[in-house]
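As the structure is a computational prediction, the values presented were derived from the model and not from experiment.
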Amino acid sequence: MTDDGDRSDAAPARRERPGGSRARSGAGSNRAPDYVVIGHICGDIQPDGSVMLGGTAWYSAVAAARLGWRVGILTRGRYDVTIDGHVVPPLNLGDDRIQIVVEEAEWPTFFINDYSSGRRTQQITRWAGPIDLRGLPGGWRSPRVMHLGPVAQEIDTRQTSGINPRFLGTTPQGWMRDWPRSTGGRVKNIPLRLPRDFMSQLDSIVVNDEEFVHSRDTVQSIGKAGYGVVTLGSGGAQAFTPQGMVTEPAFPLQVDDPTGAGDVFATAFFCRMTEPDASVEDALRYANAAAGLSVAGKARHIPSRQAIKRLLDRHAREG
C-alpha cells in the first residue's frame, strides 16, 4: 500500500458496462479493489437549490483512497443531469484509485437536511431504488474490506451470502430510516433489525450516539464476537468487544464542519483493524484522529495517511 500524501489525481475515465450499469474506472481499473463500499451516492439539496453529492459511499471511498487503498464503489442513481430543476453533479471523486459501478436509475436519492431546530431533520424527495449486489464485478466479492453503507434502505441483507471479504463492516444508518416511499417526505428513525445470520457475518458495526438508541441490542450483540463501535463526538469512541468495553478519547481539535466525519471514522477503523499489528485501541485512536482532522478542516476535507500519522506522533510525544 502506497501513500501519495495530499495529492489528488485526475477524475476517472468512463466506459460502458453491460447489464444496465455503467462503470467509471481509474488507472487502477485492471486490479481488483482492496476496499469495496456499497450504498447510494446521494444528492444533498442545499438551501439555494444546488446539489452536493454525498452519502457513506462517497465519503468512505474518498477516505479509503486517501489512506492509500484501491477502492470500488457499487451504487445506484443518475448523475450529471438535471432532475426536478436541480443540477446533479457528475461522479467525480478526484482520485484514479477509485472505480465506480453505477446501477442505472431515473434519479439519485435526494436528501434535504434541515438544521434550523438545533437537531437535524431530513426529507427524502427521490429514491434511487435498491442496489442489486449481483452487480458486483467478480473480482470485487472478496476484498480485504467490504463496507456496507446504506443511507436509505437500498441494501437487502439477504443478498450478502455471495460475498466473502476478509473484513465485513457496516454503518447501518440507512436501515434505521423510514419515509413515505410513494410521495417522498420526512424521514423518521426506526429500530435497527438485522437478521441473525447476517449479523454473524459482520466483523464490525459503527454507529453514532444518537443511532445507538435505536441499535443498542444489535451493536452489543455484534460486540460479543466482533467490534460494536459507538462514536461519541467530542467524547471520542467506545467499542464493545469480546474482551469487554474499550474507550478512546477524541483529539482536542476545533470543529469547523462535521459533514462525513462518521464515515471517515468508520473507514479508518475498518482499515486499521485489518492490519496485523493493530489492537482495537489502536484502531479507535487512528479513527478518532482521522475523524478529528476531517472536522477540523475545510468543508469535505479528508485527511491523508501522512496527516493522521503526524497527529498521532505529535500526540504520543506530548503525552
Side-chain angles (χ1 to χ4, degrees), residues 17 19-22 37-60 73-91 100-136 147-161 170-195 198 205 207-208 210-211 213-215 218 259-260 262-263:
R17 184 177 183 85
S21 64
R22 179 191 297 270
V37 57
I38 302 171
H40 283 168
I41 295 178
C42 59
D44 290 330
I45 299 175
Q46 306 301 301
D48 64 0
S50 63
V51 175
M52 295 183 70
L53 297 183
T56 294
W58 175 278
Y59 289 109
S60 292
I73 304 173
L74 177 65
T75 192
R76 182 174 181 178
R78 191 177 176 198
Y79 309 93
D80 199 12
V81 68
T82 299
I83 303 287
D84 300 336
H86 300 293
V87 178
V88 182
L91 284 180
I100 311 176
V101 173
V102 183
E103 296 179 346
E104 293 180 356
E106 294 183 70
W107 39 65
T109 292
F110 278 141
F111 277 89
I112 298 175
N113 299 300
D114 181 7
Y115 297 91
S116 59
S117 61
R119 295 176 65 88
R120 183 177 72 171
T121 58
Q122 294 182 301
Q123 293 184 58
I124 294 177
T125 61
R126 294 281 189 181
W127 186 55
I131 295 174
D132 188 347
L133 268 62
R134 292 174 298 179
L136 281 167
H147 179 171
L148 302 180
V151 295
Q153 297 286 353
E154 69 267 36
I155 299 174
D156 185 347
T157 59
R158 292 173 297 183
Q159 288 194 322
T160 60
S161 59
T170 186
T171 45
Q173 58 183 320
W175 289 317
M176 292 184 279
R177 288 178 174 141
D178 194 19
W179 71 98
R181 300 287 180 91
S182 59
T183 61
R186 183 166 177 168
V187 174
K188 67 176 181 179
N189 296 322
I190 59 175
L192 180 62
R193 297 283 186 265
L194 296 178
F198 171 65
I205 185 171
V207 300
N208 64 33
E210 293 183 3
E211 294 162 349
V213 174
H214 302 282
S215 59
T218 299
T259 306
D263 298 320

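Taking both residues in full, the closest heavy atoms of Ile83 and Pro108 are given as CG1-CD, 4.5 Å, listed atom of the first, atom of the second, then distance. What you find for Ile190 and His214 is that their closest heavy atoms are O-CB, 3.7 Å. The minimum heavy-atom distance between Leu133 and Ile155, with the atom names listed, is CD1-CG2, 4.2 Å. When every heavy atom of Ile124 is checked against every heavy atom of Ala152, the shortest pair comes out as CD1-CB, 3.9 Å. Shortest non-hydrogen contact noted between Ala128 and Ala105 is O-CB, 3.5 Å. The two residues Val37 and Ser60 have their closest heavy-atom pair at CG2-CB, 4.3 Å.
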Review point. Yes or no on side chain to side chain contact (heavy atoms under 4.5 Å, CB included) for Leu192 and Ile205, after CA distance, side-chain angles and deciding distance?
Key: CA-CA 12 Å; Leu192 180 62; Ile205 185 171; 3.9 Å; yes
Review point. Stepwise, does the side chain to side chain contact (heavy atoms under 4.5 Å, CB included) test hold for Val88 with Arg78?
Key: CA-CA 8 Å; Val88 182; Arg78 191 177 176 198; over 6 Å; no
Check your understanding: Checking side chain to side chain contact (heavy atoms under 4.5 Å, CB included) for the pair Val51/Phe110: CA distance, chi angles, key distance, verdict?
Key -> CA-CA 9 Å; Val51 175; Phe110 278 141; 4.3 Å; yes
Practice item. Give the intermediate values and the outcome of side chain to side chain contact (heavy atoms under 4.5 Å, CB included) for residues Leu136 and Ile38. Key: CA-CA 9 Å; Leu136 281 167; Ile38 302 171; 4.1 Å; yes
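Within the 4.5 Å cutoff, the side chain of Thr171 has no heavy atoms near those of the Tyr59 side chain.
Looking at Thr109, Ile131, Thr75, Asp132 one by one, the single match for side chain to side chain contact (heavy atoms under 4.5 Å, CB included) with Glu154 turns out to be Ile131.
Checked by atom type and distance alone, the side chain of Trp107 never pairs as donor or acceptor with a backbone atom of Gly77 at under 3.5 Å. Using a distance-only test at 3.5 Å, with no hydrogens or angles considered, a donor-acceptor pair links the side chain of Tyr79 to the main chain of Ile41. Not a single donor-acceptor pair under 3.5 Å links the side chain of Ser50 to the backbone N or O of Gln46.
Interatomic distance, His86 NE2 to Asp84 CG, rounded to the nearest 0.5 Å: 6.0 Å. Here the CG-CE distance, from Leu194 to Met176, works out to 8.5 Å after rounding to the nearest 0.5 Å.
For residues 172-182, every residue pair satisfying the side-chain hydrogen bond (donor to acceptor under 3.5 Å, both in side chains) rule, not counting sequence neighbours, is listed here: Thr56-Gln173, Gln122-Arg177, Gln173-Arg177.
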